[in-house]
There are 2 protein chains.
Amino acid sequence: MLSPDQFVETHRPAGGRRSGKRDFIVHVFLRQNGHLSADELVSIIRAEDARISRATIYRTIQWMVEAGIARRVDFGDGKIRFEHAYRHPRHFHLLCKNCQQSFEFLSSDIEAHLEDVCAARRFSASQTVLQVYGMCDACQAGLPPAPPSVPLEMVFARDALRVAIATEQSGLAFYTRATKLARDPRGKKVFARLAEEEKEHLSTLQTRYRELVAQHPDVESQPPFLFFKSASRGLFAGGVDELAADGVDDREALRIGIRCERESHRFFKKYGERLDESEGKRIFLEFADEERQHFELLVREFRSLVARSRVPPARGKRRAAGR
Amino acid sequence: MLSPDQFVETHRPAGGRRSGKRDFIVHVFLRQNGHLSADELVSIIRAEDARISRATIYRTIQWMVEAGIARRVDFGDGKIRFEHAYRHPRHFHLLCKNCQQSFEFLSSDIEAHLEDVCAARRFSASQTVLQVYGMCDACQAGLPPAPPSVPLEMVFARDALRVAIATEQSGLAFYTRATKLARDPRGKKVFARLAEEEKEHLSTLQTRYRELVAQHPDVESQPPFLFFKSASRGLFAGGVDELAADGVDDREALRIGIRCERESHRFFKKYGERLDESEGKRIFLEFADEERQHFELLVREFRSLVARSRVPPARGKRRAAGR
DNA sequence: ATAGATGCAAACCCTTTGCACATTA
DNA sequence: TAATGTGCAAAGGGTTTGCATCTAT
């Protein structure tokens with residue numbers, strides 16, 4: 001886990017020279033939470049003590065944006081705001097026109113659809129802006145705006161854990177079923193081993209989840225940050241359904257498993273890479289790696305099965321070999 | 001179909017007074033295609049002849065926005081652009097950073113996910129901004145930018161027709177199957193009648209589609225404007241799958257039909273209402289109405305079936321009545 | 001010594017406004 | 001004639017920039 005200073009160092013472009021004022025501005029900026037306009041940052045800097053010129057602050061903001069430390073956010077009210085990227089994944093916004101508060105979210109489903117749209121146009125996307133304007137819960141009810149009681153990072157870690165757990169659960173169900181179903185003893189063993197691994201990893205994740213809740217008791221009552229409807233049943237859920245069909249043999253089960261592991265690997269890798277340094281990123285990338293290993297194991301197993309069923313005396317599953 | 005002038009008249013707010021200059025600006029604005037900045041509109045107006053002050057143009061743009069004739073579009077480059085709403089549904093944008101061209105699209109899937117997100121936060125949405133920045137097809141290939149050869153309206157009508165046709169096809173499959181499956185003669189008749197209606201309407205829609213293609217031969221080669229993955233198999237596709245399961249009786253089939261018709265009605269109504277005056281809107285609203293009628297017919301039928309199965313000598317389907 | 005950072009004030013860009021004048025109902 | 005629209009120029013706000021002055025390497 002990077003400290004704010006480390007975060008800045010990893011982003012500092014080569015060739016410039018250090019300056020105390022710039023460091024001070026960056027430092028103050030990273031301590032802020034919401035979306036600051038340049039002017040707001042000026043006020044904060046002035047209040048924090050230093051007398052730094054407006055121009056320097058504008059220039060430093062630009063420097064941070066180029067370095068990837070800050071992101072421009074445009075809410076369409078004439079002034080540009082900035083949010084820092086430290087432990088803060090890219091996201092979309094809900095904006096309350098009444099209290100001006102903003103709420104952040106991420107949706108893998110929406111992103112997947114956007115990818116479809118771009119593919120249909122052969123458009124190569126580099127950045128997406130998605131803002132929903134309206135009125136927030138509290139304002140509709142006439143209540144005062146309530147600042148979030150839990151850091152966003154924790155909510156995000158919670159959601160990442162939830163997807164991971166759902167996926168492990170569906171994976172466990174898949175391999176348990178596949179173990180029962182398998183006829184080839186070697187395949188059975190592989191499935192059993194994977195089921196065992198999923199079980200272990202599942203309990204690790206659940207422990208991690210419990211620890212998170214213990215540390216931040218309010219985290220469970222927070223609304224979701226990461227939306228992943230299509231993955232909410234776990235990325236193996238479809239595979240489990242397929243196993244239920246008639247006539248699924250070892251080979252077919254392996255194929256389904258391979259597909260699920262690949263999808264799962266891609267999903268977690270994609271989101272893990274897209275995230276900035278954070279607890280959520282680590283969970284996703286660890287997971288992606290695990291899925292890749294499973295994927296490779298299954299592929300090896302599949303090849304071995306094919307080889308065995310082709311060369312030695314057949315064991316009654318010839319038909320598929322010709323295709 | 002409204003003419004531009006009629007469109008303006010339906011939007012003109014009460015209480016103001018007419019002015020030749022304003023009418024002229026509005027008229028010129030409605031003839032434009034893309035997204036104009038105030039300054040660009042000034043140049044066009046100046047070129048078109050009239051010498052109208054910048055301030056008047058700014059004020060007229062504001063007037064058009066308030067009247068719902070123009071919509072603000074902010075691409076985050078410091079100047080606000082405007083697009084007119086005449087035969088132009090609200091949409092999202094792909095923006096090419098290289099050639100500055102913009103491409104428009106609509107996605108019912110993304111909108112559905114956004115509704116989920118808002119619901120989870122109890123956020124009441126009033127407006128959504130969705131822009132994807134990147135590089136377009138032509139710019140990636142090093143080709144000159146190609147303006148669209150078919151008016152957007154036609155592409156939209158094409159896509160609306162496609163959803164409608166897919167839905168009719170799945171509806172036809174549903175009712176054909178349900179007719180075969182039904183045991184109650186009266187229910188059978190209702191399903192058969194609906195199958196017949198779907199068939200007729202399907203051929204009407206297909207004719208309409210062919211006419212559209214005949215009028216605008218290029219329309220089929222255009223990339224999609226309206227994305228509707230979840231509805232692309234037709235809104236009855238899920239219902240057809242359900243009919244395939246074991247133990248589906250008349251009552252169950254009616255229930256599934258009712259659900260599909262209701263969903264379908266809602267889908268088309270929602271999109272129809274959201275659209276501005278256009279061919280697409282008409283298709284959607286006609287369709288929504290049709291689905292509502294089917295829905296009501298099925299509900300009546302369901303009630304009648306329940307009444308008959310409860311009061312007179314039973315016909316072997318008691319079990320469900322108790323629940 | 002020299003490229004880079006800072007401060008100040010002026011310039012910039014887009015947009016809105018105050019006020020006198022013109023137009024419409 | 002009374003309310004509304006127009007023109008002009010000036011003001012407004014957020015942001016960038018030219019230039020002289022510092023400061024880190």
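Any value given below was found using the heavy atoms of this structure, including those in side chains, with hydrogens, waters and symmetry copies removed. Bear in mind the structure is a predicted one, so any value in this text is a computation, not a measurement. Chain letters run A, B, ... following the sequence lines, proteins first, then strands; residues in each count from 1.
Residues satisfying the side chain to side chain contact (heavy atoms under 4.5 Å, CB included) criterion with B:I80, sequence neighbours excluded, are B:R72, B:F82. Applying the side chain to side chain donor-acceptor pair (under 3.5 Å) criterion to A:S126, with sequence neighbours excluded, gives B:K97. Here A:V8 pairs with A:R12, A:V26, A:L30, A:I69 under the side chain to side chain contact (heavy atoms under 4.5 Å, CB included) rule; sequence neighbours left out. Partners of A:S230 under the side chain to side chain contact (heavy atoms under 4.5 Å, CB included) rule, at least two apart in sequence or in another chain, are A:D109. Applying the side chain to side chain contact (heavy atoms under 4.5 Å, CB included) rule to A:D74 yields the partners B:D74; only residues at least two apart in sequence or on another chain are considered. Every residue was checked against the ring-ring contact (aromatic ring centres under 6.0 Å, His included) condition with B:F123, not counting sequence neighbours, and none meets it. For A:H11, the ring-ring contact (aromatic ring centres under 6.0 Å, His included) partners are A:F7, not counting sequence neighbours.
Listed by residue number, the members of residues 55-65 of chain B with any heavy atom below 4.0 angstrom from DNA chain D are B:A55, B:T56, B:R59. Near DNA chain C, meaning a heavy atom under 4.0 Å from it, residues 33-48 of chain B has B:A38 in order of number. Taken residue by residue, residues 75-83 of chain A places heavy atoms nearer than 4.0 Å to DNA chain D at A:G78, A:K79, A:I80.
Side-chain atoms of B:R90 do not come within 3.5 Å of backbone N or O of B:A85 as any donor-acceptor pair.
When the nearest nucleotides of DNA chain C are assigned to A:G15 and A:S53 by heavy-atom distance, the more 5′-ward of the two goes with A:G15.
Aromatic rings from A:F105 and A:F225 are positioned such that their centres are separated by 6.0 Å or more. For A:H35 and A:F75, the ring centers sit closer than 6.0 Å to each other.
With respect to the salt-bridge test (charged N to carboxylate O, under 4.0 angstrom), the residues B:D137 and A:R121 do not qualify.
Side-chain contact between A:F267 and A:V163 is present, with heavy atoms from C-beta onward closer than 4.5 Å.
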Just the table, please: protein N/O against nucleotides 23-25 of chain D N/O, every pair under 3.5 Å.
residue: D:dA24; atom: N3; partner: A:R17; partner atom: NH1; Å: 3.0

- prompt: Hey, mind stepping through A:R158 and A:E153 against salt bridge (Lys or Arg N to Asp or Glu O under 4.0 Å) and telling me if it holds?
  reply: CA-CA 9 Å; A:R158 177 201 68 180; A:E153 190 192 2; over 6 Å; no
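Note that the first and last nucleotides of DNA chain C, 5' to 3', having any atom under 4.0 angstrom from a heavy atom of chain A are C:dA3 to C:dC8.
Summarising the geometry, atom OG belonging to A:S37 is positioned 8.0 Å from atom CD1 belonging to A:I61; distances are rounded to the nearest 0.5 Å. A:H93 NE2 to A:R81 CZ: the interatomic distance, rounded to the nearest 0.5 Å, is 10.5 Å.
Using a 4.0 Å cut-off, some side-chain N or O of B:K21 falls inside it from OP1 or OP2 of D:dG7.
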